[in-house]
Each structure stands twice: as structure tokens, then as C-alpha cells.
Q: 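Got a structure here, written out as C-alpha cells. Questions coming.
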Amino acid sequence: MTNVFNFNFDTTYTGLPKQFFVKQRPERVQNPMIVHINYDLAQEIGLNLTSTTQKKLSKLFSGNELPDGSTPLSQAYAGHQFGYFTMLGDGRAHLLGEHITPNGIRLDIQLKGSGKTPYSRSGDGRAALGPMIREYLISEAMYHLGIPTTRSLAIITTGQEVRREALLPGSILTRIASSHIRVGTFEFAANQKDEGLLKSLLDYTIKRHCPEVFDSSNKAVGLIENVMQKQSDLIVHWMRVGFVHGVMNTDNMTLSGETIDYGPCAFMDNYDPNTFFSSIDRGGRYSFMNQPLIAQWNLARLIEALLPLIDNNADNAVKLGEKLIDKFSDIYKQKWLTMMRSKIGLLGDQPEDQILIKDLLDWMHNNDADFTNTFRDLSDGKKPTEIIYETSSFQTWYKQWKSRLQKNSKSWDTSVAMMRNINPIIIPRNHQVERVISAAAHGDFKHFRDFLEVLKEPFKADGKSKPYQIPPEPRERVYQTFCGT
Ligand code: AMP
Ligand code: MG
């Protein structure tokens, strides 16, 4: 296929030792049809998808025809899934290549659901439409909420059915990521018991994600510190908007600090720190409040994998590694506190801040308050008047909050502006997401497109956004989500 799309491929992953990937093209599909294309994203990254036919685009985004310069491959990785180590790899994904944008940014362009690979194990290499719609919707929502994430460029249907709980329409999502290097990629390298492999991955990752680390005296430590900062930032963002990832396995944690692999993820409506949705998450290992702890656990697996490069002496390496991982709690806590202060308009640092935040969260939990709407109501500039706020416990908290706000060094207007910038009005509420997916399963994509439009401006209220601000009725609440692989 000639390069009508303006792809500017420069795929460096193939420069890694051969154990890290398998070169293989996507499996052909019968009748690819475009469901949706992200023309805004295409333009942003310098692709031209407008001067061609839908037919050509469907061939491109199904993998039936490869664009010029593409060297398709699937990546090897391992991972701790729910605490247990497994060899994995792209079982249903093909990297088309690394595209360099006009601004010089390197991005992976990957098809997900594009057929079997040597890493498919017992899987069929395919994806169903519902979960791909979910990934598209939520990854785009996260992007517009200001959260680091992979993005979605296109969805197609394949014209073939996939067997899941029923026969479902097959689909392929085109994913854009700053890279697909995961904690699990390092675990894979460490498992090969070949220090050379590990070193090549370390150097590659530093070059790609934090070139400044090349100058540090200990590159492995430098990378770990860098990832700890990025991952703590990321989890703080999730906690800001009530996002529950749902499968924080080490293979779903990136070195770039982007959110990846939207499976059974969901946003919390009513605040409950123990919220988890995933049908496969028995015991709530990946519940809302556990996310920082799990991030730390996953980073400990990264450190373990890198031990031989941290220090030649195994004991010293372990000691240094433990010191590193212990730092995570403080790093996270400071960032979380700063974020929560902003959510309620507090400037500066006062001794009562932590209690004030805790009391609000406790009140929300005890009163089944909606996470998103509570913070927006507080950002309104006026005292909220809904029935839920009439409780004496809220009134007491409100008075304490107001007196704390007196200690701010800047005006109330400054606080309100800050709160309105950090507290979204619109999140992809689960019952709405489910509605979109079930309409799409019947070939109706209007809800999907309408929702996407609203999700583009999550901090703005207008006529269109109103229906999406309403929490689910008790009967509409979604308690369980499915991985839907
Ligand atoms: P995920 O839950 O999407 O993060 O996937 C976990 C692992 O299972 C990855 O190695 C995937 O490539 C693999 N996988 C998931 N679904 C399939 C499928 N239908 N066919 C083959 N491999 C799959
Ligand atoms: Mg995954």
C-alpha cells in the first residue's frame, strides 16, 4: 500500500535482541468495515486519513493491507496476574510500527484483536466489538480528563464472529501508545537469565522514555526512580476522577506512565473506597483504594527484575531496591494530598487539611454521595442545597471547610477556578457506557458518537452534557464488569 496515510515509520523495537518479539503480520479478516475513526487524533499525529476511501481505511485498520514501511511484530512479555507469574506476550496484537509525528514524537501504532500470534496460548487472537468500544470510549475520556493514556485511532468490525459467552461481532482496535514496554517486559527479560538481554531493554527504555537518565551514575536506579514518579502521578490522577482500572497486573503497567489495557475498568459513581467492578477480581485486590498499594507492589516486581543491574553484589542490590520501594508511599502520599487539596480549593498547607479531606471522604462514603458530583457541587461557588447536604454531619464539615478557606492566601475566586479545573463534570459513567455498548451491538453507533462528543469537554456543562451528569438510579447501577477478552 503506498504511503497515502503519511505514516513515518522508524521501528526501533526490532533492534532489541530477537527474544523480545516475533515478526509476523496480522491475520486476514473477511469483511472489514469501519465503525469509527478518530480524525482529530489522526491529524494531531500527522496522519492523513481524509483523502482516501473508507474501503482503503478498513483494509488499513484491519491489517489486511500493510502501510508502507510497516514491520509488523508481536511483543514478548511476562507478568504477575493477580499475584501469579505467567509468560504472556501479545496474544492478539500486532505492532504496525513506530510512527514519528511531525513534532518528532515516537508513537507505537498497534492493532489489537488482529489474530493469533506465537503468544496466543489458548486464545483465538481476536477481540469482540463491545470491549473495543469500551476501550475507545474510556481511553479517549481519560485523555480529555488530562490523564496519561494510550489512545484509540480506529475501530473496525471484521465480518467474522468471535466465540465468547455468545457469538459476538469480531473487532479490531487501533491503539496509539508512547510505547508498549511494560513492567512485564522487564520480568520477561529477567526470566531469560541473560543479563545482556536485560541490559539491552534497560538502555532501550531509557533512550525512549527518559534519555536524561543515561547520565546518572546508576542507570537501573535512575529508570526505577523515573517510573516511580510517573506511576505515582498516574495513580493520583485515577484517584482524582474515581477511576478503577480493574486489572493492575504487572503486564498492564507501562514504563511510560500511560494507562493501558482497558478491560473491566470503570468509574465509581457513589464513593466507596472498596469499590471494584471486575468479575474476575475476587476479593477486590484491585479495588479503588488498593490502587496505590498495588502500584507499589508492581514496582517492586520491576525492581526485582532489575536487581542484577542495580548492583553486582546481590545483597547490596536488594538493600538498595528495598530503599527505593519504601520511598513510594511518601512520594504517592504527598502527591495525593496536593491533588486532594486542589479538589477542595485549599491553597497552602495547614495542619487540619488531612483531617478535613478524610472527614469529607468519610461523609461521602457514609451517605452514598456521588464522587464526581460532590466535588462539582463544592466547586459551584455557592453552598450546595440538595437534600443530601442537609445532614448535620455535612453542615459541620462545611463550616470547618469555610474556616479553613479563610487561611488561603488568594481569593475565593481563585479557589473556585482551581476546583473547576480539577473536578470534572463528565466522566464515562458505567451505566452510560453499558448503554452505548449494547446499542453498538445492535449496529446503532449514534449513542457512542454522542457520548464521545460530550467526553471531549469533561469540565464544561451545557445542554448536551446534562443527561451524562446524572448518577445511575439504583436499578441502573452497574456492579460488575467483564474483561471481555
Ligand atoms: P489482557 O487481559 O488484555 O491484558 O490480556 C492478558 C494476556 O492475554 C495478554 O497476553 C493478551 O495478549 C492475552 N489475550 C487476551 N485475550 C486473548 C485472545 N482472545 N487471544 C489470545 N490472547 C489473548
Ligand atoms: Mg494486558
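For the single chain, residues carry numbers from 1 onward in sequence order. Counting convention: from 1, in listed order, for ligands and their atoms alike. Only a predicted model underlies this, so the values are computations on that prediction, with no experimental measurement involved.
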Q: Could you report the tightest heavy-atom contact between D272 and M268, atom names first, then the distance?
A: O-SD, 3.5 Å
Q: Regarding ligand 1, does G89 bring an N or O atom to under 3.5 Å of one of the ligand's N or O atoms?
A: yes
Q: Have a look at D194 and tell me which of L198, N191, L197 forms a side-chain contact (heavy atoms from CB on, under 4.5 Å) with it.
A: L197
Q: Check the pair L137, E140 against side chain to side chain contact (heavy atoms under 4.5 Å, CB included), reporting the backbone distance first and the verdict last.
A: CA-CA 5 Å; L137 204 63; E140 284 304 294; over 6 Å; no
Q: Would you say the rings of Y136 and F448 are close, in the sense that their centroids are separated by under 6.0 Å?
A: yes
Q: Check for a donor-acceptor pair, side chain of S152 on one end and backbone N or O of A154 on the other, with a separation under 3.5 Å.
A: no
Q: What part of R164, side chain, backbone, both or neither, has a heavy atom within less than 4.0 angstrom of ligand 1?
A: side chain
Q: For ligand 1, note which part of N252 has a heavy atom under 4.0 Å away: side chain, backbone, both or neither.
A: side chain
Q: Is there a heavy atom of Y77 sitting under 4.0 angstrom from any atom of ligand 1?
A: yes
Q: Work out whether the distance between some heavy atom of K116 and some atom of ligand 1 is less than 4.0 Å.
A: no
Q: Ring centres under 6.0 Å, that's the criterion: do Y77 and F188 meet it?
A: no
Q: Should one rank A128, G125, G91, P264 by closest heavy-atom distance to atom 12 (O) of ligand 1, which comes out on top?
A: G91
Q: If you take all heavy atoms of A127 and M132, which pair is closest and at what distance?
A: CB-CE, 3.7 Å
Q: Using a 4.0 Å heavy-atom cut-off, say whether D261 meets ligand 1 through its side chain, its backbone, both or neither.
A: side chain
Q: Short N/O distance, under 3.5 Å, between R126 and ligand 1?
A: yes
Q: Please check whether Y119 reaches ligand 1 - meaning an N/O of the residue sits under 3.5 Å from an N/O of the ligand, judged on distance alone.
A: no
Q: Examine Y286 together with F82 and report whether their ring centres are nearer than 6.0 Å.
A: yes
Q: Give every protein N, O or S atom lying under 2.8 Å from the Mg ion (ligand 2), naming each by residue and atom.
A: N252 OD1, D261 OD2
Q: Using distance only, find each side-chain donor-acceptor pair of residues 104-112 under 3.5 Å and give its atom names and separation, not counting sequence neighbours.
A:
residue, atom, partner, partner atom, Å
R106, NH1, D10, O, 2.7
R106, NH1, D10, OD2, 3.2
R106, NH1, E98, OE1, 2.8
R106, NH2, D10, OD2, 2.8
D108, OD1, R208, NH2, 2.7
D108, OD2, H180, N, 3.2
D108, OD2, H180, ND1, 2.8
Q110, OE1, R175, NE, 3.2
Q110, OE1, R175, NH2, 3.1
Q110, OE1, H180, NE2, 3.4
K112, NZ, E135, OE1, 2.7

Q: On the ring face of W297, is R285 found with NZ or CZ under 6.0 Å from the centre and within 45° of the axis?
A: yes
Q: Using 4.0 Å as the upper bound for N to carboxylate O, is an ion pair formed by D450 and K446?
A: yes
Q: Give the numbers and elements of all ligand 1 atoms closer than 4.0 Å to a heavy atom of R121.
A: 7 (C), 8 (O), 10 (O), 13 (C)
